[in-house]
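Reading through the structure tokens given below for one structure.
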Amino acid sequence: MKIMKAVFPVAGMGTRFLPATKASPKEMLPLVDKPLIQYVVEEAVESGITEIIMVTGRNKNAIEDHFDRSVELELLLESKNDSTRLEMIRKISDMCDFSYIRQKEPKGLGHAIARARNLVDDQPFAVLLGDDIIHSVNKPVIGQLGQIADKMESTVLAVERVPEDKVSSYGIIESEQVEQRLSRVKSMVEKPSVDQAPSNLAIIGRYILTPEIFDYIDKTEPDANGEIQLTSALNMMLADSKIYGYEFEGKRYDAGDKLGFLKATVECALRNPELGPSFRNYLSGIKL
Ligand code: G1P
């Protein structure tokens, strides 16, 4: 089960980050010096993905431009003999192939993924959500999931235990553990209340899906908010196929949330070889 294609649903309006996201995509907010979306693209590419399909919306042109050549900038850097920066920005557009398709209305994650059906074609594929930034020391998370999907020949979801007061922000699985870190999913529910949540194992924004999912998305009714949820489609698919949850290795930040974004920024700066030592020094001396 070799995973070559990845779908990035990036049509969301970023309302949690207004006013910063009024005219700029939330995916372009920088963690230190790189936009959020670049971290996620790099994770996919390091995991062997060669084609990324972005499901975009209006106001998202900056994403497309970021992964294209920037001829004027390249000429300027060339004229200054700044080969370090030249190489850095050229690499961004050479990382892999990108295609773009629009989700014209915000109708949920399932609906967004279904837009990519023709581009994905009939093969297993990855889905990566840009709000979840995951720092891993060894293998990137989508690569970890790909390995499990290959072994189990099934759909695999990244899962993580979350505090009780957070279960209502995630898809939550009911499962039985089959191996260390690996659980077989029995059912799942999108954003349940604490008393209705079957566990605290939350679905995080990394998935390896098989192409059958598209038929289940087609059969999924919109929820009370008019959104077609991927979780509901996956839940339906459980009647016919096995699905696994994998407790990945890595530290995840909810960069779609202000506090999560700040934590990601601080820790990313601390890990940065150039900034880290002086930033740590600065933090230890902060007085407000
Ligand atoms: C989506 C999914 C949810 C999942 C979450 C992970 O929700 O619908 O099941 O737990 O991503 O980040 P969203 O955060 O887009 O509302």
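What you are looking at is a predicted structure, and each value in this text was computed from that prediction instead of being measured. Start at 1 and go down the list; that is how both ligands and their atoms are numbered.
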Could you tell me whether Lys139 and Glu249 make a salt bridge, using a distance below 4.0 angstrom between a side-chain N and a carboxylate O? no
Shortest reach to atom 14 (O) of ligand 1 by a heavy atom, considering only Glu160, Lys191, Arg206: Lys191
Over all atoms of both residues, closest heavy-atom pair of Pro25 and Lys60: CB-CD, 3.7 Å
Applying a strict under-4.5 Å side-chain criterion to I, L, V, M, F, W and Y, I'd like to know whether Met188 and Leu230 cluster together. yes
Around atom CD of Glu153, are there more than 12 heavy atoms from other residues, nucleotides or ligands closer than 6.0 Å? no
Below the 3.5 angstrom mark, is there an N/O of Thr231, backbone or side chain, next to an N/O of ligand 1? yes
Strictly distance-based, threshold 3.5 Å: is any side-chain N or O of Ser284 a donor or acceptor partner for the main-chain N or O of Asn281? yes
Select one of side chain, backbone, both or neither to describe which atoms of Asp254 lie under 4.0 Å from any atom of ligand 1, heavy atoms only. neither
When clusters are formed by joining ILVMFWY residues with side-chain heavy atoms under 4.5 Å apart, either directly or through shared neighbours, do Ile204 and Leu36 land in the same one? yes
With a 4.0 Å cut-off on heavy atoms, is Asp131 in contact with ligand 1? no
Protein contact to atom 11 (O) of ligand 1 [nearest heavy atom, distance to 0.1 Å]: Leu129 CD1, 3.3 Å
Taking the six-membered ring of Phe261 (Phe, Tyr or Trp), confirm whether the NZ or CZ of Lys258 is under 6.0 Å from its centre and within 45° of its axis. no
Considering distance alone, does some N or O of Gly171 sit under 3.5 Å from an N or O of ligand 1? yes
Polar-atom distance check: Ile203 versus ligand 1, any N or O pair below 3.5 Å? yes
Which option wins on minimum heavy-atom distance to atom 8 (O) of ligand 1: Glu227, Arg16, Glu190? Glu190
Can you find an N or O of Ser169 that's nearer than 3.5 Å to an N or O of ligand 1? no
Check Asp132 against ligand 1 and report side chain, backbone, both or neither, counting heavy atoms closer than 4.0 Å. side chain
